[in-house]
Amino acid sequence: MTASREASGRKERQPLEDRRHTRAARIIGLAWADLPAEHRLLLENIGAARWRVVDQALADCVDDLLRSAGHAPMAPADRLGLVDAVGVWVEELRLVLVDAGHPALVDLDDQSFEMMLARIAWHEWGHALSVVRAEADDVADGERLLALAPRGVSERIRRAGYRRSQFTHELVADIYALLMSRRRRGETGRPPWLDDHIYQFVRRISTWND
Amino acid sequence: MERLTPPKGYTVTTKQDVEEILAIEADLLRSEGVDPRWPGFPEDRKPEGHQQK
């Protein structure tokens with residue numbers, strides 16, 4: 001491990017165990033089954049219903065898949081958007097990719113691994129819904145929406161270095177994943193920690209009607 | 001082929017980062033009196049959807 005990598009807490013990539021790879025694919029399938037039926041239909045219609053679990057850095061994986069599908073290679077600036085990514089929806093390929101071998105996931109216990117994989121999948125499906133269904137005004141409203149979000153959520157989005165034009169999509173993705181996780185626990189309706197403006201917005205984007 | 005908006009990934013850097021994400025969720029759930037422990041998926045449920053291999 002290099003000194004800089006060690007100092008940042010990042011781990012070197014190791015091959016993913018077959019057991020974990022198989023488990024990850026099962027978790028994503030269960031997370032999909034957990035979605036409300038109308039959300040699954042919507043995701044089918046926008047081209048976000050297919051997924052692949054991989055054990056490869058997503059910047060390389062997406063570039064390889066785009067090239068093999070006849071697209072131009074990704075520009076270096078575009079690859080930057082996938083550095084350290086653990087999940088992504090690639091609109092051109094109509095495919096959600098999850099890097100189950102991401103170094104940040106390898107040391108998680110089985111329960112945390114399941115929880116995080118489900119979180120990643122729900123985040124990506126929420127992200128896809130936002131990218132396709134949010135209006136230009138919604139995207140422009142990202143900074144204001146973020147100011148209304150629970151502090152921990154907004155701080156993470158700001159710290160992750162997303163551009164302002166991505167705030168709305170990242171916020172919808174995170175809130176959607178949180179609502180799904182809450183739904184898994186049998187909780188529906190607007191949670192008290194969520195601003196009603198954001199809740200109504202996510203409902204509009206996702207057709208959420210719980 | 002047409003190039004759409006470049007894909008933007010869900011960024012996580014370290015295990016500590018993952019733990020922070022899960023801790024934020026646990027705090028929110030706890031704040032409304034919901035048990036934050038992960039209930040898991042039903043063991044007898046079959047995965048669904050369109051996995052590409």
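Scope of the values below: all heavy atoms of this structure, side chains included, with no hydrogens, waters or symmetry mates. All chains are named by letter (A, B, ...) in the order of the sequence lines, taking the proteins before the strands, and each is independently numbered beginning at 1.
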**Q** Please determine whether side-chain hydrogen bond (donor to acceptor under 3.5 Å, both in side chains) holds for the pair A/Glu114 and B/Trp38, giving the CA-CA distance in whole Å, both sets of side-chain angles, and the decisive distance to 0.1 Å.
**A** CA-CA 9 Å; A/Glu114 178 172 305; B/Trp38 176 241; 2.8 Å; yes
**Q** Give, as side chain, backbone, both or neither, the part of B/Asp27 having an atom under 4.5 angstrom from any heavy atom of chain A.
**A**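 For B/Asp27, neither part sits under 4.5 Å from chain A.
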**Q** Is there side-chain contact between B/Ile21 and B/Ile24, with at least one heavy-atom pair below 4.5 Å?
**A**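 SC-SC contact between B/Ile21 and B/Ile24 ruled out.
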**Q** Taking atom CG of A/Asp196 as the centre, report whether more than 12 heavy atoms of other residues, nucleotides or ligands fall under 6.0 Å from it.
**A**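 Enclosed.
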**Q** Between A/Ala31 and chain B, with a heavy-atom cut-off of 4.5 Å, which part of the residue counts as in contact: side chain, backbone, both or neither?
**A**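 It is both, since atoms from each part get that close.
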**Q** If we check salt bridge (Lys or Arg N to Asp or Glu O under 4.0 Å) with B/Glu25, which of these qualifies: A/Arg182, A/Arg119, A/Arg184?
**A**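 Only one option passes, and that is A/Arg119.
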**Q** With a 4.5 angstrom heavy-atom cut-off, which part of A/Val86 approaches chain B: side chain, backbone, both or neither?
**A**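 When you check distances to chain B, atoms from both the backbone and side chain of A/Val86 fall under 4.5 Å.
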**Q** Could you check whether A/Arg163 pairs with A/Glu170 (Lys NZ or Arg NE/NH1/NH2 to Asp/Glu carboxylate O, under 4.0 Å)?
**A**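 Salt bridge absent between A/Arg163 and A/Glu170.
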**Q** Can you list the steps and then say if A/Arg183 with A/Asp34 is a salt bridge (Lys or Arg N to Asp or Glu O under 4.0 Å)?
**A** CA-CA 9 Å; A/Arg183 188 174 186 271; A/Asp34 233 27; 5.5 Å; no
**Q** Which one of A/Trp89, A/Tyr176, A/Trp32 satisfies the ring pair (Phe, Tyr, Trp, His ring centres under 6.0 Å) criterion with A/Trp125?
**A**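 Only match with A/Trp125 under ring pair (Phe, Tyr, Trp, His ring centres under 6.0 Å): A/Trp32.
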**Q** A/Phe113 ring centre to A/Arg20 NZ or CZ under 6.0 Å, with the angle to the axis within 45°?
**A**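 So A/Arg20 does make the cation-pi contact.
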**Q** A/Asp174 versus chain B, heavy atoms under 4.5 Å apart: side chain, backbone, both or neither?
**A**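 A/Asp174 touches chain B through side-chain heavy atoms alone.
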**Q** For chain B, find which of A/Val88, A/Leu30, A/Val83, A/Leu80 contributes the most heavy-atom pairs closer than 4.5 angstrom.
**A**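 Heavy-atom pairs under 4.5 Å are most numerous for A/Leu30.
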**Q** Between B/Val12, B/Asp17, B/Leu29, which shows the greatest number of heavy-atom pairs under 4.5 Å with chain A?
**A**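 With the most close heavy-atom pairs to chain A, the winner is B/Val12.
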**Q** Do the rings of A/His127 and A/His123 sit parallel, tilted or perpendicular, given the 30° and 60° boundaries?
**A**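 Rings of A/His127 and A/His123: parallel, as their planes differ by under 30°.
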**Q** Stepwise, does the salt bridge (Lys or Arg N to Asp or Glu O under 4.0 Å) test hold for A/Asp110 with A/Arg19?
**A** CA-CA 11 Å; A/Asp110 284 351; A/Arg19 181 187 72 86; 3.7 Å; yes
**Q** What part of A/Arg40 gets closer than 4.5 Å to chain B, counting heavy atoms only: side chain, backbone, both or neither?
**A**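 Contact with chain B: side chain only.
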**Q** Which one of A/Leu43, A/Val62, A/Leu97, A/Leu95 has the most heavy-atom pairs closer than 4.5 Å to chain B?
**A**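 Winner by heavy-atom pair count: A/Leu95.
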**Q** Using non-hydrogen atoms and a 4.5 Å limit, figure out which bit of A/Glu187 sits close to chain B: side chain, backbone, both or neither.
**A**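 Only the side chain of A/Glu187 comes within 4.5 Å of chain B.
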**Q** How about B/Gln51 and A/Trp51: does a side-chain donor come under 3.5 Å of a side-chain acceptor?
**A**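 Short answer, no.
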**Q** Checking heavy atoms, do the side chain of A/Arg156, its backbone, both or neither come under 4.5 Å from chain B?
**A**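 For A/Arg156, side-chain heavy atoms alone lie under 4.5 Å from chain B.
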**Q** Please report the C-alpha distance between B/Asp35 and A/Arg185 in whole Å, then the side-chain angles of each, then the deciding distance to 0.1 Å, and finally whether the salt bridge (Lys or Arg N to Asp or Glu O under 4.0 Å) criterion is met.
**A** CA-CA 8 Å; B/Asp35 186 346; A/Arg185 293 168 171 84; over 6 Å; no
**Q** Select, from A/Ala160, A/Ala85, A/Ala25, the one with the greatest count of heavy-atom pairs under 4.5 Å involving chain B.
**A**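 Between A/Ala160, A/Ala85, A/Ala25, the count favours A/Ala85.
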**Q** What part of A/Ile27 gets within 4.5 angstrom of chain B, counting heavy atoms only: side chain, backbone, both, or neither?
**A**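 For A/Ile27, heavy atoms of backbone and side chain both lie under 4.5 Å from chain B.
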**Q** Given that the side chain runs from C-beta out, which part of A/Pro191 has a heavy atom under 4.5 Å from chain B: side chain, backbone, both or neither?
**A**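 Both backbone and side chain.
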**Q** So which part of A/Leu58 gets closer than 4.5 Å to some heavy atom of chain B, the side chain, the backbone, both or neither?
**A**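 Answer is neither: A/Leu58 stays 4.5 Å or more from chain B.
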**Q** Under a 4.5 Å heavy-atom cut-off, does chain B meet the side chain of A/Glu124, its backbone, both or neither?
**A**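 Just its side chain gets close to chain B.
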**Q** Can you tell me which of A/Met115, A/Met116, A/Gln166, A/His169 forms the most heavy-atom pairs within a distance under 4.5 Å of chain B?
**A**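 When all of A/Met115, A/Met116, A/Gln166, A/His169 are compared, A/Met115 has the most.
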**Q** With a 4.5 Å cut-off on heavy-atom pairs, point out which of A/Arg79, A/Glu44, A/Glu155 contacts chain B the most.
**A**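 That would be A/Glu44.
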**Q** Please flag which part of B/Val34 lies under 4.5 Å from any non-hydrogen atom of chain A: side chain, backbone, both or neither.
**A**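 Interface part for B/Val34: side chain.
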**Q** Quick one: what part of A/Val153 sits under 4.5 Å from any heavy atom of chain B, side chain, backbone, both or neither?
**A**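 Contact with chain B involves both backbone and side-chain atoms of A/Val153.
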